[in-house]
*Asks:* 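Okay, handing you the structure first.
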Amino acid sequence: MFIWLFHRISGVSLIILFGVKILTGFFLFTKDKKPDWALSLHRQPVIDVLILILFTFHSIYGLRTIVLDFGYKKEKQLFRLSNIAATVISLALIYLYSIIS
């Protein structure tokens with residue numbers, strides 16, 4: 001139940017966060033004066049880190065769902081494995097993000 005709920009909430013959150021990134025990016029590519037709110041919101045590291053974490057967990061849980069649909073029976077083991085994989089990938093992506101920015 002937790003993964004089902006998290007998968008739905010993370011999907012909606014990703015749509016909103018990507019929408020914010022696209023909208024602020026649109027304001028930054030205009031030739032007129034760029035609004036300060038768009039610049040500060042577009043370069044907000046909290047939003048970038050949230051996108052990385054939510055995207056990683058959402059995609060790993062999606063892969064978990066596909067594996068379960070193919071008939072894999074050990075759901076608890078797959079839950080632990082998917083959480084470990086998503087955490088490691090998220091930490092690696094956050095580390096790479098901190099190096100790049």
Side-chain angles (χ1 to χ4, degrees):
M1 183 68 184
F2 168 75
I3 291 181
W4 183 88
L5 186 64
F6 182 83
H7 209 219
R8 272 57 183 178
I9 291 172
S10 66
V12 171
S13 300
L14 282 171
I15 289 172
I16 292 170
L17 291 173
F18 280 129
V20 167
K21 286 297 235 184
I22 290 170
L23 181 70
T24 56
F26 172 75
F27 281 110
L28 294 180
F29 283 110
T30 58
K31 292 182 180 179
D32 298 334
K33 184 181 177 197
K34 297 171 181 29
D36 291 336
W37 63 268
L39 186 62
S40 65
L41 197 57
H42 193 77
R43 293 185 176 170
Q44 185 63 253
V46 173
I47 292 177
D48 294 338
V49 170
L50 261 176
I51 287 174
L52 286 175
I53 292 171
L54 288 175
F55 180 78
T56 304
F57 274 88
H58 186 84
S59 59
I60 294 293
Y61 286 160
L63 291 174
R64 177 194 161 274
T65 302
I66 291 172
V67 169
L68 288 176
D69 287 344
F70 279 120
Y72 191 77
K73 299 292 182 194
K74 298 178 180 177
E75 191 171 338
K76 287 187 178 185
Q77 182 184 19
L78 196 56
F79 175 73
R80 276 188 243 123
L81 183 66
S82 61
N83 278 332
I84 290 170
T87 302
V88 168
I89 292 171
S90 293
L91 290 175
L93 289 175
I94 291 170
Y95 177 71
L96 288 175
Y97 175 76
S98 68
I99 289 175
I100 292 172
S101 60

*Asks:* To the closest 0.5 Å, what do you measure between CZ (F57) and CD1 (I89)?
*Replies:*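 It comes to 9.5 Å.
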
*Asks:* Can you check whether Q44 reaches T24 side chain to side chain, under 4.5 Å on heavy atoms?
*Replies:*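 SC-SC contact between Q44 and T24 ruled out.
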
*Asks:* May I ask you to list the residues sharing a hydrophobic cluster with L28, side-chain cutoff 4.5 Å, ordered by chain and number?
*Replies:*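 The other cluster members (ILVMFWY side chains, heavy atoms under 4.5 Å, direct or chained) are L39.
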
*Asks:* Apply side chain to side chain contact (heavy atoms under 4.5 Å, CB included) to the pair T65 and W4, showing each step before the final yes or no.
*Replies:* CA-CA 9 Å; T65 302; W4 183 88; over 6 Å; no

*Asks:* When rounded to the nearest 0.5 angstrom, what is the spacing between CD1 in I15 and CG in L54?
*Replies:*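 Atom-to-atom, I15:CD1 and L54:CG are 12.0 Å apart.
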
*Asks:* For the atom pair CD1 (I94) and CG (L52), what is the distance rounded to the nearest 0.5 Å?
*Replies:* 6.5 Å

*Asks:* If you group Ile, Leu, Val, Met, Phe, Trp and Tyr whenever their side-chain heavy atoms sit less than 4.5 Å apart, what else falls in with L91?
*Replies:*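 Besides L91, the hydrophobic cluster comprises nothing; the residue is isolated.
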
*Asks:* Just verifying a value: how many Å separate F55 CZ and I60 CD1, rounded to the nearest 0.5 Å?
*Replies:*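 With rounding to 0.5 Å, CZ (F55) is 9.5 Å from CD1 (I60).
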
*Asks:* For a quick test of reading the model, state the closest non-hydrogen atom pair linking H7 to Y61 and the distance between them.
*Replies:* CD2-CB, 4.0 Å

*Asks:* Please give the remaining members of the hydrophobic cluster of I16, linking ILVMFWY side chains under 4.5 Å, ordered by chain and number.
*Replies:* V12

*Asks:* State the CZ-CD1 distance between F27 and I22, to the nearest 0.5 angstrom.
*Replies:* 13.5 Å

*Asks:* Is I3 linked to L78 within one hydrophobic cluster, defined over Ile, Leu, Val, Met, Phe, Trp and Tyr using a side-chain heavy-atom separation of less than 4.5 Å?
*Replies:* no

*Asks:* Would you please name every residue forming a side-chain hydrogen bond (donor to acceptor under 3.5 Å, both in side chains) with E75, sequence neighbours left out?
*Replies:* R64

*Asks:* Please confirm whether the backbone N or O of F26 pairs with a side-chain atom of T30, one donor and one acceptor, at under 3.5 Å?
*Replies:* no

*Asks:* With sequence neighbours left out, which residue pairs that include part of residues 84-101 fulfil the side chain to side chain donor-acceptor pair (under 3.5 Å) condition?
*Replies:* D48-Y97

*Asks:* Check whether more than 12 heavy atoms from other residues, nucleotides or ligands sit under 6.0 Å from atom NZ of K34, and answer yes or no.
*Replies:* yes

*Asks:* Does a sphere of radius 6.0 Å around CZ in R8 hold more than 12 heavy atoms from other residues, nucleotides or ligands, not counting ones at 6.0 Å or beyond?
*Replies:* yes

*Asks:* By ring-ring contact (aromatic ring centres under 6.0 Å, His included), which residues pair with H42, not counting sequence neighbours?
*Replies:* none

*Asks:* Can you tell which of V67, I66, L68 makes a side-chain contact (heavy atoms from CB on, under 4.5 Å) with F70?
*Replies:* I66

*Asks:* About how many Å separate CG of L63 and NE2 of H58, when rounded to the nearest 0.5 Å?
*Replies:* 10.0 Å

*Asks:* Indicate, with yes or no, if I100 and V49 share a hydrophobic cluster defined by side-chain heavy-atom contacts under 4.5 Å among Ile, Leu, Val, Met, Phe, Trp and Tyr.
*Replies:*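 No, no single cluster joins them.
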
*Asks:* Please check if F18 and L93 belong to a single hydrophobic cluster, counting links between Ile, Leu, Val, Met, Phe, Trp and Tyr side chain heavy atoms closer than 4.5 Å.
*Replies:* yes

